[in-house]
Enquirer: 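Structure below; questions to follow.
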Amino acid sequence: MTPPAPIPNDAPIPNDAGRHPSTARVAQALRDGGATGDVHQLADSTRTAQEAADALGVAVGAIVKSLVFTADGEPVLILASGDHQVDVAKIAALLGVQRVARADADTVRSATGYPIGGVAPLAHPAPLRTLIDTHLSAFEVVWAAAGTPHAVFPTTYDELLRLTGATPADVAAQ
């Protein structure tokens with residue numbers, strides 16, 4: 001992976017000292033998984049894909065949205081490109097379920113261990129069925145949340161696929 005360009009307002013922390021516990025958990029999972037990138041703490045919010053893209057100076061499509069849905073009542077994580085809306089009918093068909101709906105904040109935190117706006121694609125309390133948007137493969141570097149609305153990490157599509165065990169899928173609404 002080509003190292004990302006310098007990020008405005010970036011404050012990389014060389015170890016877990018001083019990191020938020022959620023961010024430290026993500027950093028440890030990245031190290032444990034042999035990832036090439038590390039967590040970056042930003043002054044600007046990365047709560048939405050557009051905010052993250054603006055803070056990082058990248059295309060919104062290179063932002064990984066970690067979205068939790070319920071599929072027949074069970075949580076499922078969709079890693080969608082920042083420039084895509086998720087098609088719940090496609091997700092239902094892919095998963096072979098009757099109903100897919102956005103999860104509420106309590107379900108998101110329970111399933112992932114993170115609040116909405118900082119949901120990381122990895123380091124969850126228990127394995128979580130995950131689909132990854134194949135459109136993310138169009139970007140050399142993608143950026144994902146790292147446990148808080150001000151923390152992100154760079155990775156590649158292939159590395160993210162490996163780290164998360166996700167199933168590649170076309171999840172975008174047309």
Side-chain angles (χ1 to χ4, degrees), residues 1-13 22-23 25-69 76-91 94-95 100 102 108 112 114-124 128-174:
M1 175 172 83
T2 304
I7 305 164
N9 302 316
D10 181 24
I13 303 170
S22 293
T23 307
R25 191 167 79 238
V26 172
Q28 185 62 53
L30 292 171
R31 285 191 298 273
D32 291 348
T36 55
D38 195 11
V39 173
H40 295 263
Q41 186 73 30
L42 302 177
D44 296 328
S45 173
T46 59
R47 184 175 300 277
T48 68
Q50 189 63 59
E51 286 177 351
D54 291 346
L56 294 165
V58 301
V60 72
I63 302 301
V64 179
K65 297 190 295 189
S66 297
L67 305 172
V68 180
F69 290 81
V76 62
L77 180 64
I78 309 299
L79 303 178
S81 175
D83 60 359
H84 281 172
Q85 295 297 314
V86 172
D87 184 330
V88 294
K90 271 188 188 177
I91 300 303
L94 287 165
L95 298 177
V100 172
R102 286 296 288 263
V108 171
T112 68
Y114 307 107
I116 292 174
V119 175
L122 50 97
H124 306 131
L128 189 57
R129 189 170 190 185
T130 304
L131 299 178
I132 186 169
D133 188 347
T134 54
H135 178 62
L136 289 165
S137 68
F139 299 92
E140 183 176 344
V141 176
V142 295
W143 291 85
T148 73
H150 290 272
V152 294
F153 68 92
T155 188
T156 65
Y157 174 81
D158 289 336
E159 184 175 76
L160 188 59
L161 186 62
R162 179 180 59 77
L163 290 169
T164 62
T167 300
D170 174 9
V171 301
Q174 298 306 332

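Values below: every heavy atom of this structure, side chains too, minus hydrogens, waters and symmetry copies.
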Enquirer: Is it true that a side-chain atom of Lys90 and a backbone atom of Ala173 form a donor plus acceptor pair closer than 3.5 Å?
Expert: no
Enquirer: Taking all non-hydrogen atoms of both residues, which atom of Glu159 and which atom of Gly34 are closest, and how far apart?
Expert: OE2-O, 4.0 Å
Enquirer: Can you find a pair of side-chain heavy atoms, one from Leu163 and one from Pro121, that are under 4.5 Å apart?
Expert: no
Enquirer: Determine whether Val142 and Thr155 make a side-chain contact, defined as any pair of heavy atoms from C-beta on separated by less than 4.5 Å.
Expert: yes
Enquirer: Check whether any side-chain heavy atom of Phe69 lies under 4.5 Å from a side-chain heavy atom of Leu131, and answer yes or no.
Expert: no
Enquirer: To the nearest 0.5 Å, what is the distance between CG on Leu161 and OG1 on Thr167?
Expert: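 Output value for this atom pair is 8.5 Å.
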Enquirer: Using distance alone, with no hydrogens and no angle criterion, decide if Gln28 and Arg25 have a side-chain donor and acceptor under 3.5 Å apart.
Expert: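 Result is no, nothing qualifies.
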Enquirer: Provide the closest heavy-atom pair for Ala80 versus Leu136 in the form atom of the first, atom of the second, distance.
Expert: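 Distance-wise, the nearest heavy atoms are C-CD1, 4.3 Å.
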Enquirer: Under a 4.5 Å cut-off applied to non-hydrogen side-chain atoms, are Asp44 and Thr46 in contact?
Expert: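 Not touching, per the 4.5 Å side-chain cut-off.
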Enquirer: Taking all non-hydrogen atoms of both residues, which atom of Gly82 and which atom of Ala49 are closest, and how far apart?
Expert: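 Nearest pair, atom of Gly82 first, then Ala49: CA-CB, 3.8 Å.
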Enquirer: Leu122 vs Leu30, test: side-chain contact (heavy atoms from CB on, under 4.5 Å). Steps then yes/no.
Expert: CA-CA 9 Å; Leu122 50 97; Leu30 292 171; 4.1 Å; yes
Enquirer: Do His150 and Ser45 have side chains that approach each other closer than 4.5 Å (heavy atoms only, starting at C-beta)?
Expert: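 The answer is yes, as the side chains (C-beta and beyond) meet within the 4.5 Å cut-off.
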Enquirer: With distance as the sole criterion, is a donor-acceptor pair present between the side chains of Thr156 and Asp158 under 3.5 Å?
Expert: no
Enquirer: Can you find a heavy atom in the side chain of Arg129 that is under 4.5 Å from one in the side chain of Leu95?
Expert: yes
Enquirer: Measure across Ala52 and Ile63 and return the closest heavy-atom pair with its distance rounded to 0.1 Å.
Expert: CB-CD1, 3.8 Å
Enquirer: Indicate yes or no for a side-chain donor-acceptor contact from Thr134 to the backbone of Pro168 under 3.5 Å, with no hydrogens or angles considered.
Expert: no
Enquirer: How far apart are the closest heavy atoms of Ser81 and Asp133, and which atoms are they?
Expert: N-OD2, 3.1 Å
Enquirer: Output all residues satisfying side-chain contact (heavy atoms from CB on, under 4.5 Å) with Ala120, sequence neighbours left out; order by chain, then residue number.
Expert: Val26, Tyr114
Enquirer: Nearest 0.5 Å, please: how far is CG in Leu67 from CG in Leu77?
Expert: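 Spacing of CG (Leu77) from CG (Leu67) equals 7.5 Å.
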Enquirer: Which residues pass the ring-ring contact (aromatic ring centres under 6.0 Å, His included) test with Phe139, sequence neighbours left out?
Expert: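 Expected list: His135.
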Enquirer: Which heavy atom in Gly147 sits nearest to a heavy atom in Pro115, and how many Å separate them?
Expert: O-CD, 3.9 Å
Enquirer: Taking the side chain as every heavy atom from C-beta outward, state whether Ile116 and Val68 have any atom pair closer than 4.5 Å.
Expert: no
